[in-house]
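In what follows, every heavy atom counts, from backbone to side chain, and hydrogens, waters and symmetry copies are set aside. Only a predicted model underlies this, so the values are computations on that prediction, with no experimental measurement involved.
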Amino acid sequence: MGNSSLAPTSEINQHIWQVVSQIPPGRVATYGDIARQAGLGRGARRVGAALRGLPGKTRIPWHRVVNAGGAISLPAGSDGRYRQIMRLRAEGIEVSDSGRISLARYRWDPGITEPAAL
DNA sequence: AACATGACTCCAC
DNA sequence: AGTGGAGCCATGT
């Protein structure tokens, strides 16, 4: 067989999406967290690209992924940014109007599969 | 193959 | 908390 060390982009994306779908409601994870969980090392940017490729009607909880600073990474003024903030608040997560979230309170621990306790 | 781009991250001010 | 610059990884031209 030829190159067996690299999987097609579509498969990598699918793997990333699978990890993202493991984030329980009421919790968030950073791009870096997802990358590490997916075995991509420092591929945080790769995670962003995978989420960008999601269809609009997906049921993958992409909104639970924020950057290392605990902030929404989608461009200011974009529909996605507004939608992400609304969906997070709908799950009981506090999000400031500037799109900031407390990682100390809501960051997902891969060992736990339950929603954040209030 | 070189260069630009981006839903990233770290560090210094 | 906000801003700017360098580093990082994969894609698209």
For nucleotides 4-10 of chain B, just jot down a letter per nucleotide in 5' to 3' order: B, S or -, based on protein non-hydrogen atoms under 4.0 Å. --BBBSS
Determine, stepwise, if the pair A/Arg27 / A/Asp109 fulfils salt bridge (charged side-chain N to carboxylate O under 4.0 Å, His left out). CA-CA 9 Å; A/Arg27 285 196 180 280; A/Asp109 181 328; over 6 Å; no
Counting distance only, does the side-chain N/O of A/Arg64 pair as donor-acceptor with the main-chain N or O of A/Ile23 below 3.5 Å? yes
Is A/Ser78 reaching over with its side chain to a backbone N or O of A/Leu74, donor-acceptor style, under 3.5 angstrom? no
Is there a donor-acceptor contact under 3.5 Å from the side chain of A/Gln84 to the main chain of A/Val65? yes
Between A/Glu94 and A/Arg105 (salt bridge meaning N to carboxylate O under 4.0 Å), is one present in this structure? yes
Taking only side-chain N and O atoms of A/Arg42, does any of them lie within less than 4.0 angstrom of OP1 or OP2 on C/dC8? no
Going 5' to 3' along nucleotides 1-6 of chain C, which nucleotides have protein heavy atoms under 4.0 Å from the base (write B), which only from the sugar-phosphate (write S), and which from neither (write -)? S-----
Note, A/Arg46 side chain near A/Asn13 side chain (heavy atom, < 4.5 Å): yes
Just checking, is any N or O donor in the side chain of A/Thr30 or A/Asp33 under 3.5 Å from an acceptor N or O on the other one? yes
Side-chain donor/acceptor of A/Glu91 to backbone N/O of A/Pro25, under 3.5 Å: no
